[in-house]
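Within every chain, numbering begins at 1; the chains are lettered A, B, ... in the order of the sequence lines, protein sequences first and strands thereafter. Model, not experiment: these values are computed from the prediction.
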Amino acid sequence: MQAVTLRRWGWVHKWSSLVSTLFILLLCLTGLPLIFSHEIDHLTGNEIEAPAMPEGTPRAAVDRVAAEAVKAYPGLVPLYFFAEEDAPDVWYVKLDTRVDTDESESTLILSDARTAEVLGAPNFDEGFMSVMYRLHVDLYAGLAGKLFLGFMGLLLMVAIVSGVVLYAPFMRKLRFGEVRQERTARTRWLDLHNLLGIVTLVWALAVGFTGVINTWADLIFQAWQAEQVAALQAGETHVLLAADASEAPAADGSLQTAVDRVLAAAPGMAVSMIAYPGTLRATPEHVAVILRGDTPLTSRLTQALLVDPANGEVLEAGARPWYVTALQLSEPLHFGDYGGLPLKVLWALLDILTIVVLGNGLYLWLKRGATAEVRA
Amino acid sequence: MMRIWLWPLVVAVASIIGLVAGLVSEGAGDWLSWLALTAPVVIGVHGLCRYRGRSRSRLLTSAEPRQAGRS
(Lines give C-alpha, C1' and ligand atoms only; values in the text may rest on other atoms or scores of the structure.)
Protein backbone atom coordinates (compact mmCIF):
# COMPACT_ATOMS: atom_id res chain seq x y z
CA MET A 1 0.00 0.00 0.00
CA GLN A 2 1.28 3.45 -0.84
CA ALA A 3 2.31 5.72 2.02
CA VAL A 4 -0.32 8.32 1.06
CA THR A 5 -3.14 5.75 0.95
CA LEU A 6 -2.00 4.33 4.26
CA ARG A 7 -2.00 7.78 5.84
CA ARG A 8 -5.50 8.44 4.53
CA TRP A 9 -6.88 5.21 5.95
CA GLY A 10 -5.06 6.00 9.20
CA TRP A 11 -6.79 9.37 9.29
CA VAL A 12 -10.20 7.75 8.68
CA HIS A 13 -9.55 5.15 11.40
CA LYS A 14 -8.35 7.75 13.88
CA TRP A 15 -11.22 10.16 13.51
CA SER A 16 -14.09 7.67 13.14
CA SER A 17 -12.80 5.97 16.30
CA LEU A 18 -12.10 9.12 18.29
CA VAL A 19 -15.52 10.64 17.70
CA SER A 20 -17.42 7.47 18.54
CA THR A 21 -15.22 5.75 21.15
CA LEU A 22 -16.75 7.13 24.33
CA PHE A 23 -20.29 6.41 23.14
CA ILE A 24 -19.39 2.93 21.92
CA LEU A 25 -17.69 2.26 25.27
CA LEU A 26 -20.92 3.35 26.96
CA LEU A 27 -22.92 1.02 24.67
CA CYS A 28 -20.60 -1.91 25.40
CA LEU A 29 -20.69 -1.33 29.17
CA THR A 30 -24.48 -0.86 29.39
CA GLY A 31 -25.03 -3.71 26.94
CA LEU A 32 -23.21 -6.16 29.20
CA PRO A 33 -25.95 -6.41 31.89
CA LEU A 34 -28.66 -6.11 29.19
CA ILE A 35 -27.48 -9.39 27.62
CA PHE A 36 -28.58 -11.08 30.84
CA SER A 37 -31.66 -8.95 31.57
CA HIS A 38 -33.96 -11.98 31.54
CA GLU A 39 -31.76 -13.84 34.04
CA ILE A 40 -31.26 -10.74 36.21
CA ASP A 41 -35.02 -10.09 36.39
CA HIS A 42 -35.56 -13.70 37.31
CA LEU A 43 -32.93 -13.66 40.07
CA THR A 44 -34.00 -10.34 41.57
CA GLY A 45 -37.63 -11.45 41.64
CA ASN A 46 -38.63 -8.65 39.27
CA GLU A 47 -40.16 -11.15 36.91
CA ILE A 48 -43.93 -11.40 37.03
CA GLU A 49 -45.27 -14.88 36.39
CA ALA A 50 -48.74 -16.27 35.90
CA PRO A 51 -49.93 -18.71 38.60
CA ALA A 52 -49.81 -22.39 37.70
CA MET A 53 -53.10 -23.84 36.42
CA PRO A 54 -53.95 -27.24 34.97
CA GLU A 55 -52.83 -27.60 31.39
CA GLY A 56 -55.56 -26.86 28.91
CA THR A 57 -57.26 -24.22 31.08
CA PRO A 58 -59.29 -22.22 28.57
CA ARG A 59 -58.04 -18.78 27.65
CA ALA A 60 -60.04 -15.63 28.17
CA ALA A 61 -61.19 -13.62 25.16
CA VAL A 62 -58.73 -10.81 24.43
CA ASP A 63 -61.62 -8.33 24.71
CA ARG A 64 -61.98 -9.32 28.37
CA VAL A 65 -58.22 -8.97 28.94
CA ALA A 66 -58.44 -5.48 27.43
CA ALA A 67 -61.47 -4.57 29.58
CA GLU A 68 -59.75 -5.70 32.79
CA ALA A 69 -56.62 -3.75 31.84
CA VAL A 70 -58.61 -0.57 31.21
CA LYS A 71 -60.48 -1.07 34.49
CA ALA A 72 -57.12 -1.27 36.33
CA TYR A 73 -55.68 1.73 34.47
CA PRO A 74 -58.54 4.21 33.99
CA GLY A 75 -57.93 6.88 31.38
CA LEU A 76 -55.70 4.66 29.26
CA VAL A 77 -56.53 2.67 26.12
CA PRO A 78 -54.93 -0.58 24.95
CA LEU A 79 -52.57 -0.37 21.96
CA TYR A 80 -51.02 -3.79 21.64
CA PHE A 81 -51.08 -7.31 22.97
CA PHE A 82 -47.78 -9.15 22.86
CA ALA A 83 -47.36 -12.91 23.30
CA GLU A 84 -43.98 -14.27 24.35
CA GLU A 85 -43.06 -17.65 22.93
CA ASP A 86 -41.78 -18.96 26.27
CA ALA A 87 -44.63 -17.55 28.40
CA PRO A 88 -47.86 -18.70 26.75
CA ASP A 89 -50.05 -17.94 29.78
CA VAL A 90 -49.51 -14.20 29.82
CA TRP A 91 -50.29 -11.30 27.57
CA TYR A 92 -48.13 -8.19 27.67
CA VAL A 93 -50.54 -5.31 27.16
CA LYS A 94 -49.31 -1.87 26.17
CA LEU A 95 -51.53 1.02 27.21
CA ASP A 96 -51.32 4.72 26.53
CA THR A 97 -53.50 7.82 26.62
CA ARG A 98 -54.24 7.56 22.87
CA VAL A 99 -53.54 5.00 20.15
CA ASP A 100 -51.39 7.40 18.13
CA THR A 101 -48.87 8.65 20.68
CA ASP A 102 -45.13 8.18 20.25
CA GLU A 103 -45.43 5.53 23.01
CA SER A 104 -42.54 7.00 25.00
CA GLU A 105 -44.77 7.35 28.08
CA SER A 106 -46.72 4.16 27.52
CA THR A 107 -47.45 1.61 30.24
CA LEU A 108 -46.73 -2.07 29.80
CA ILE A 109 -48.60 -4.51 32.00
CA LEU A 110 -48.88 -8.28 32.26
CA SER A 111 -52.25 -9.98 32.18
CA ASP A 112 -53.17 -13.58 32.80
CA ALA A 113 -54.26 -15.02 29.44
CA ARG A 114 -56.69 -17.44 31.15
CA THR A 115 -58.39 -15.30 33.79
CA ALA A 116 -57.85 -11.87 32.16
CA GLU A 117 -56.65 -10.70 35.58
CA VAL A 118 -53.98 -7.96 35.62
CA LEU A 119 -50.83 -9.51 37.10
CA GLY A 120 -48.82 -6.32 37.45
CA ALA A 121 -46.55 -3.91 35.67
CA PRO A 122 -42.88 -4.78 35.33
CA ASN A 123 -40.61 -2.10 36.76
CA PHE A 124 -39.13 -0.97 33.48
CA ASP A 125 -38.95 2.67 34.53
CA GLU A 126 -36.86 2.48 37.65
CA GLY A 127 -33.83 0.70 38.96
CA PHE A 128 -30.42 -0.17 37.61
CA MET A 129 -31.59 -2.13 34.55
CA SER A 130 -33.83 0.69 33.41
CA VAL A 131 -30.91 3.16 33.55
CA MET A 132 -28.78 0.67 31.58
CA TYR A 133 -31.56 0.28 29.02
CA ARG A 134 -32.16 3.99 28.48
CA LEU A 135 -28.42 4.77 28.26
CA HIS A 136 -28.06 1.95 25.76
CA VAL A 137 -31.10 2.75 23.63
CA ASP A 138 -31.77 6.49 23.53
CA LEU A 139 -29.70 8.41 26.14
CA TYR A 140 -33.05 9.62 27.59
CA ALA A 141 -33.57 11.64 24.41
CA GLY A 142 -36.23 9.66 22.52
CA LEU A 143 -35.93 9.23 18.76
CA ALA A 144 -33.17 11.86 18.53
CA GLY A 145 -31.09 9.90 21.04
CA LYS A 146 -31.67 6.66 19.14
CA LEU A 147 -30.65 8.17 15.82
CA PHE A 148 -27.59 9.77 17.43
CA LEU A 149 -26.45 6.43 18.85
CA GLY A 150 -27.18 4.87 15.45
CA PHE A 151 -24.85 7.41 13.85
CA MET A 152 -22.16 6.56 16.41
CA GLY A 153 -22.70 2.92 15.42
CA LEU A 154 -22.15 3.82 11.77
CA LEU A 155 -18.89 5.52 12.73
CA LEU A 156 -17.92 2.30 14.51
CA MET A 157 -18.53 0.43 11.24
CA VAL A 158 -16.19 2.87 9.47
CA ALA A 159 -13.61 2.45 12.24
CA ILE A 160 -13.78 -1.34 11.97
CA VAL A 161 -13.48 -1.40 8.18
CA SER A 162 -10.59 1.09 8.15
CA GLY A 163 -8.99 -0.90 10.97
CA VAL A 164 -9.10 -4.03 8.81
CA VAL A 165 -7.46 -2.14 5.94
CA LEU A 166 -4.67 -1.03 8.29
CA TYR A 167 -4.26 -4.53 9.71
CA ALA A 168 -2.25 -5.90 6.76
CA PRO A 169 0.51 -3.26 6.61
CA PHE A 170 0.97 -3.46 10.38
CA MET A 171 1.17 -7.26 10.30
CA ARG A 172 3.63 -7.51 7.38
CA LYS A 173 6.53 -8.66 9.55
CA LEU A 174 4.55 -10.33 12.30
CA ARG A 175 3.02 -13.73 12.82
CA PHE A 176 -0.70 -13.94 13.62
CA GLY A 177 -1.34 -13.19 17.27
CA GLU A 178 2.21 -12.07 17.96
CA VAL A 179 2.55 -9.58 20.81
CA ARG A 180 6.09 -8.19 20.64
CA GLN A 181 7.57 -8.13 24.12
CA GLU A 182 10.95 -6.61 23.41
CA ARG A 183 9.50 -3.24 22.33
CA THR A 184 7.90 -0.36 24.19
CA ALA A 185 4.61 -0.71 26.06
CA ARG A 186 2.93 1.14 23.20
CA THR A 187 4.07 -1.45 20.65
CA ARG A 188 2.69 -4.25 22.77
CA TRP A 189 -0.60 -2.39 23.13
CA LEU A 190 -0.70 -1.93 19.36
CA ASP A 191 -0.11 -5.65 18.77
CA LEU A 192 -2.87 -6.49 21.24
CA HIS A 193 -5.20 -3.93 19.60
CA ASN A 194 -4.59 -5.56 16.21
CA LEU A 195 -5.11 -9.08 17.51
CA LEU A 196 -8.28 -8.42 19.49
CA GLY A 197 -9.62 -6.13 16.77
CA ILE A 198 -9.23 -8.75 14.06
CA VAL A 199 -10.69 -11.67 16.06
CA THR A 200 -13.76 -9.73 17.21
CA LEU A 201 -14.20 -8.27 13.69
CA VAL A 202 -17.21 -10.26 12.45
CA TRP A 203 -19.04 -10.25 15.77
CA ALA A 204 -18.51 -6.50 16.27
CA LEU A 205 -19.64 -5.76 12.70
CA ALA A 206 -22.74 -7.95 13.12
CA VAL A 207 -23.76 -6.61 16.54
CA GLY A 208 -22.81 -3.04 15.63
CA PHE A 209 -24.68 -2.97 12.33
CA THR A 210 -27.79 -4.73 13.68
CA GLY A 211 -27.73 -2.20 16.53
CA VAL A 212 -27.76 0.60 13.97
CA ILE A 213 -30.74 -1.00 12.21
CA ASN A 214 -32.56 -1.32 15.54
CA THR A 215 -32.24 2.45 16.06
CA TRP A 216 -34.33 2.86 12.90
CA ALA A 217 -37.13 0.58 14.16
CA ASP A 218 -39.67 3.38 14.65
CA LEU A 219 -39.00 4.77 11.17
CA ILE A 220 -39.17 1.29 9.63
CA PHE A 221 -42.57 0.61 11.16
CA GLN A 222 -43.84 4.02 10.06
CA ALA A 223 -42.71 3.29 6.51
CA TRP A 224 -44.33 -0.15 6.58
CA GLN A 225 -47.59 1.29 7.89
CA ALA A 226 -47.60 3.93 5.17
CA GLU A 227 -46.95 1.23 2.57
CA GLN A 228 -49.81 -0.90 3.89
CA VAL A 229 -52.23 2.02 3.98
CA ALA A 230 -51.21 2.93 0.41
CA ALA A 231 -51.74 -0.66 -0.74
CA LEU A 232 -55.16 -0.71 0.92
CA GLN A 233 -56.20 2.55 -0.70
CA ALA A 234 -55.00 1.37 -4.10
CA GLY A 235 -56.87 -1.88 -3.61
CA GLU A 236 -53.65 -3.86 -3.98
CA THR A 237 -54.46 -6.36 -1.33
CA HIS A 238 -54.70 -10.06 -1.20
CA VAL A 239 -57.84 -11.33 0.51
CA LEU A 240 -57.07 -14.42 2.59
CA LEU A 241 -60.51 -14.79 4.10
CA ALA A 242 -63.57 -13.12 2.62
CA ALA A 243 -66.06 -11.37 4.85
CA ASP A 244 -68.70 -14.03 4.14
CA ALA A 245 -66.39 -17.07 4.40
CA SER A 246 -68.13 -19.81 6.32
CA GLU A 247 -65.08 -21.70 7.62
CA ALA A 248 -64.52 -19.26 10.49
CA PRO A 249 -66.76 -17.75 13.16
CA ALA A 250 -68.74 -14.82 11.76
CA ALA A 251 -67.45 -11.37 12.63
CA ASP A 252 -69.23 -9.79 15.56
CA GLY A 253 -67.10 -6.69 16.07
CA SER A 254 -65.12 -8.31 18.86
CA LEU A 255 -61.34 -8.46 18.84
CA GLN A 256 -61.28 -12.15 19.73
CA THR A 257 -63.38 -13.13 16.73
CA ALA A 258 -61.21 -10.97 14.49
CA VAL A 259 -58.10 -12.78 15.81
CA ASP A 260 -59.81 -16.18 15.39
CA ARG A 261 -60.58 -15.36 11.78
CA VAL A 262 -56.94 -14.43 11.16
CA LEU A 263 -55.81 -17.75 12.64
CA ALA A 264 -58.33 -19.58 10.45
CA ALA A 265 -56.86 -17.82 7.42
CA ALA A 266 -53.25 -18.72 8.34
CA PRO A 267 -53.07 -22.28 9.60
CA GLY A 268 -49.91 -23.32 11.45
CA MET A 269 -49.12 -19.83 12.65
CA ALA A 270 -49.26 -18.44 16.18
CA VAL A 271 -50.15 -14.95 17.38
CA SER A 272 -47.12 -12.84 18.21
CA MET A 273 -48.82 -9.49 18.51
CA ILE A 274 -52.20 -7.82 18.11
CA ALA A 275 -52.27 -4.13 17.23
CA TYR A 276 -55.36 -1.98 17.64
CA PRO A 277 -56.53 0.19 14.73
CA GLY A 278 -54.71 3.52 14.61
CA THR A 279 -51.48 2.30 16.20
CA LEU A 280 -48.10 2.34 14.53
CA ARG A 281 -48.33 -1.33 13.61
CA ALA A 282 -51.90 -1.33 12.24
CA THR A 283 -53.91 0.90 9.93
CA PRO A 284 -56.59 3.37 10.99
CA GLU A 285 -59.39 0.87 10.20
CA HIS A 286 -57.85 -2.55 10.63
CA VAL A 287 -56.59 -4.60 13.49
CA ALA A 288 -53.15 -5.97 12.64
CA VAL A 289 -52.37 -9.46 13.81
CA ILE A 290 -48.69 -10.33 13.62
CA LEU A 291 -48.13 -14.05 13.28
CA ARG A 292 -45.05 -16.14 13.75
CA GLY A 293 -44.04 -19.58 12.61
CA ASP A 294 -42.73 -22.33 14.85
CA THR A 295 -39.11 -22.78 13.71
CA PRO A 296 -36.25 -20.68 15.14
CA LEU A 297 -36.01 -18.64 11.96
CA THR A 298 -39.70 -18.30 11.08
CA SER A 299 -40.49 -17.39 14.68
CA ARG A 300 -38.46 -14.23 14.04
CA LEU A 301 -39.76 -13.52 10.57
CA THR A 302 -43.33 -12.58 11.17
CA GLN A 303 -46.28 -12.20 8.85
CA ALA A 304 -48.66 -9.29 9.35
CA LEU A 305 -52.30 -9.77 8.45
CA LEU A 306 -54.96 -7.10 8.63
CA VAL A 307 -58.49 -7.79 9.70
CA ASP A 308 -61.51 -5.56 9.64
CA PRO A 309 -63.21 -6.20 13.00
CA ALA A 310 -66.58 -5.08 11.63
CA ASN A 311 -66.92 -7.47 8.68
CA GLY A 312 -64.17 -10.01 9.42
CA GLU A 313 -62.36 -9.73 6.10
CA VAL A 314 -58.72 -10.84 6.45
CA LEU A 315 -56.23 -9.14 4.15
CA GLU A 316 -52.56 -9.15 3.45
CA ALA A 317 -51.44 -5.76 2.20
CA GLY A 318 -48.37 -6.86 0.29
CA ALA A 319 -45.67 -9.21 1.47
CA ARG A 320 -43.27 -8.21 4.24
CA PRO A 321 -40.93 -5.62 2.73
CA TRP A 322 -37.17 -6.33 2.78
CA TYR A 323 -36.45 -3.61 5.32
CA VAL A 324 -38.80 -5.19 7.84
CA THR A 325 -37.11 -8.57 7.26
CA ALA A 326 -33.78 -6.85 7.92
CA LEU A 327 -35.09 -5.34 11.15
CA GLN A 328 -36.57 -8.62 12.34
CA LEU A 329 -33.31 -10.49 11.69
CA SER A 330 -31.38 -7.68 13.37
CA GLU A 331 -33.05 -8.13 16.72
CA PRO A 332 -31.73 -11.60 17.64
CA LEU A 333 -28.32 -10.88 16.08
CA HIS A 334 -28.01 -7.82 18.28
CA PHE A 335 -29.37 -9.31 21.50
CA GLY A 336 -27.68 -12.73 21.25
CA ASP A 337 -30.79 -14.31 22.73
CA TYR A 338 -31.27 -17.17 20.28
CA GLY A 339 -28.89 -19.81 21.64
CA GLY A 340 -29.53 -20.18 25.34
CA LEU A 341 -27.24 -19.11 28.18
CA PRO A 342 -23.97 -20.31 26.54
CA LEU A 343 -24.51 -17.93 23.64
CA LYS A 344 -25.18 -15.07 26.05
CA VAL A 345 -21.92 -15.84 27.88
CA LEU A 346 -20.03 -15.80 24.55
CA TRP A 347 -21.78 -12.52 23.70
CA ALA A 348 -20.59 -11.05 27.02
CA LEU A 349 -16.99 -12.26 26.49
CA LEU A 350 -16.88 -10.82 22.97
CA ASP A 351 -18.32 -7.60 24.37
CA ILE A 352 -15.52 -7.45 26.98
CA LEU A 353 -12.89 -8.08 24.28
CA THR A 354 -14.41 -5.21 22.29
CA ILE A 355 -14.17 -2.98 25.37
CA VAL A 356 -10.44 -3.83 25.55
CA VAL A 357 -10.00 -2.95 21.85
CA LEU A 358 -11.73 0.42 22.38
CA GLY A 359 -9.84 1.14 25.57
CA ASN A 360 -6.43 0.36 24.22
CA GLY A 361 -7.19 2.17 20.97
CA LEU A 362 -7.86 5.25 23.08
CA TYR A 363 -4.63 4.61 25.02
CA LEU A 364 -2.67 4.37 21.74
CA TRP A 365 -4.01 7.75 20.72
CA LEU A 366 -3.26 9.35 24.10
CA LYS A 367 0.31 7.98 24.03
CA ARG A 368 0.93 9.04 20.42
CA GLY A 369 3.23 11.87 21.59
CA ALA A 370 5.59 9.47 23.28
CA THR A 371 6.41 7.53 20.10
CA ALA A 372 6.73 10.70 18.05
CA GLU A 373 9.52 11.73 20.42
CA VAL A 374 11.14 8.30 20.22
CA ARG A 375 11.10 8.45 16.41
CA ALA A 376 12.61 11.94 16.43
CA MET B 1 -0.67 -11.91 1.74
CA MET B 2 -1.90 -15.42 2.46
CA ARG B 3 0.25 -15.53 5.61
CA ILE B 4 -1.34 -12.37 6.98
CA TRP B 5 -4.95 -13.21 6.19
CA LEU B 6 -5.16 -16.97 6.75
CA TRP B 7 -5.95 -16.91 10.48
CA PRO B 8 -8.14 -13.81 10.42
CA LEU B 9 -10.12 -15.50 7.63
CA VAL B 10 -10.49 -18.73 9.61
CA VAL B 11 -11.73 -16.79 12.66
CA ALA B 12 -14.09 -14.72 10.50
CA VAL B 13 -15.63 -17.82 8.88
CA ALA B 14 -16.01 -19.48 12.30
CA SER B 15 -17.72 -16.33 13.60
CA ILE B 16 -20.13 -16.23 10.68
CA ILE B 17 -21.00 -19.90 11.15
CA GLY B 18 -21.46 -19.23 14.87
CA LEU B 19 -23.78 -16.28 14.31
CA VAL B 20 -25.94 -18.02 11.71
CA ALA B 21 -26.11 -21.62 12.98
CA GLY B 22 -28.12 -20.89 16.13
CA LEU B 23 -30.51 -18.74 14.13
CA VAL B 24 -31.46 -21.34 11.53
CA SER B 25 -31.63 -24.45 13.65
CA GLU B 26 -32.33 -25.33 17.25
CA GLY B 27 -30.40 -28.05 19.08
CA ALA B 28 -27.53 -29.01 16.78
CA GLY B 29 -27.43 -25.44 15.47
CA ASP B 30 -27.03 -24.06 18.98
CA TRP B 31 -24.14 -26.41 19.69
CA LEU B 32 -22.42 -25.50 16.43
CA SER B 33 -22.95 -21.84 17.20
CA TRP B 34 -21.40 -22.14 20.70
CA LEU B 35 -18.46 -24.12 19.35
CA ALA B 36 -17.76 -21.78 16.44
CA LEU B 37 -18.03 -18.57 18.48
CA THR B 38 -15.62 -20.00 21.04
CA ALA B 39 -12.84 -19.59 18.42
CA PRO B 40 -12.59 -15.76 18.50
CA VAL B 41 -13.10 -15.74 22.28
CA VAL B 42 -10.35 -18.28 22.98
CA ILE B 43 -7.83 -16.59 20.64
CA GLY B 44 -8.67 -13.18 22.09
CA VAL B 45 -8.46 -14.24 25.72
CA HIS B 46 -5.24 -16.16 25.00
CA GLY B 47 -3.70 -13.03 23.48
CA LEU B 48 -4.82 -10.98 26.45
CA CYS B 49 -3.29 -13.44 28.94
CA ARG B 50 -0.05 -13.60 27.01
CA TYR B 51 0.14 -9.83 26.94
CA ARG B 52 -0.33 -9.63 30.71
CA GLY B 53 2.12 -12.48 31.34
CA ARG B 54 4.79 -10.86 29.21
CA SER B 55 4.41 -7.38 30.64
CA ARG B 56 4.76 -8.84 34.14
CA SER B 57 7.92 -10.79 33.27
CA ARG B 58 9.29 -7.67 31.61
CA LEU B 59 8.71 -5.66 34.78
CA LEU B 60 10.59 -8.24 36.79
CA THR B 61 13.61 -8.37 34.50
CA SER B 62 13.81 -4.62 34.02
CA ALA B 63 13.66 -3.93 37.77
CA GLU B 64 17.03 -5.47 38.53
CA PRO B 65 19.44 -3.43 36.42
CA ARG B 66 17.68 -0.24 37.48
CA GLN B 67 18.28 -1.04 41.14
CA ALA B 68 21.82 -2.07 40.40
CA GLY B 69 22.44 1.25 38.70
CA ARG B 70 21.08 3.18 41.66
CA SER B 71 23.29 1.54 44.28
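In this structure, chain B has a heavy atom under 4.5 Å from the side chain of A:Val356, while its backbone stays farther away. For A:Leu196, the part lying under 4.5 angstrom from a heavy atom of chain B is the side chain only. In this structure, chain A has no heavy atom under 4.5 Å from any part of B:Trp31. Using a 4.5 Å cut-off between heavy atoms, A:Pro342 touches chain B through backbone and side chain atoms alike. If you measure heavy-atom distances from B:Thr38 to chain A, the contacts under 4.5 Å come from both the backbone and the side chain. When heavy atoms are compared at a cutoff of 4.5 Å, A:Tyr338 approaches chain B by way of both its backbone and its side chain. The contact between A:Leu174 and chain B is made entirely by backbone atoms, counting heavy-atom distances below 4.5 Å.
For the set B:Ile4, B:Leu23, B:Ile43, the entry with the most heavy-atom pairs within less than 4.5 Å of chain A is B:Leu23. With chain B as the partner, the residue from A:Val357, A:Leu195, A:Val202 showing the most heavy-atom pairs under 4.5 Å is A:Val202. Taking A:Ile198, A:Leu192, A:Leu349 one by one and counting their heavy-atom pairs under 4.5 Å with chain B, the maximum is reached by A:Leu192. Most heavy-atom pairs under 4.5 Å with chain A, from the set B:Trp5, B:Trp7, B:Trp34: that is B:Trp34. The most heavy-atom pairs under 4.5 Å with chain A, out of B:Val11, B:Leu6, B:Val10, come from B:Val11. Across A:Ala168, A:Pro332, A:Ser299, the residue that shares the most heavy-atom pairs under 4.5 angstrom with chain B is A:Ala168.
The two residues A:Leu353 and B:Val45 come nearest to each other via the heavy atoms CD2-N, 4.2 Å.
Put simply, the side chain of B:Arg50 gets close to the backbone of A:Gly177: a donor and an acceptor are under 3.5 Å apart. Within the 3.5 Å criterion, the main-chain N or O of A:Leu301 finds no donor-acceptor partner in the side chain of A:Arg292. Not a single donor-acceptor pair under 3.5 Å links the side chain of B:Asp30 to the backbone N or O of B:Glu26.
Aromatic ring pairs are classed by plane angle as parallel below 30°, tilted from 30° to 60° and perpendicular above 60°; the pair A:His193 and A:His13 is perpendicular.
Annotation: A:Phe209, atom CZ; neighbour count of heavy atoms from other residues, nucleotides and ligands within 6.0 Å does not exceed 12.
For the residue pair A:Thr187 / A:Arg180, no side-chain donor-acceptor distance below 3.5 Å is found, with atom types taken as modelled.
Ion pairing between a basic and an acidic side chain is recognised when a charged N comes within 4.0 Å of a carboxylate O; A:Lys173 and A:Asp191 show no such pairing.
Seen from the ring of A:Trp365, A:Arg368 counts as a face-on cation partner, given the 6.0 Å and 45° thresholds.
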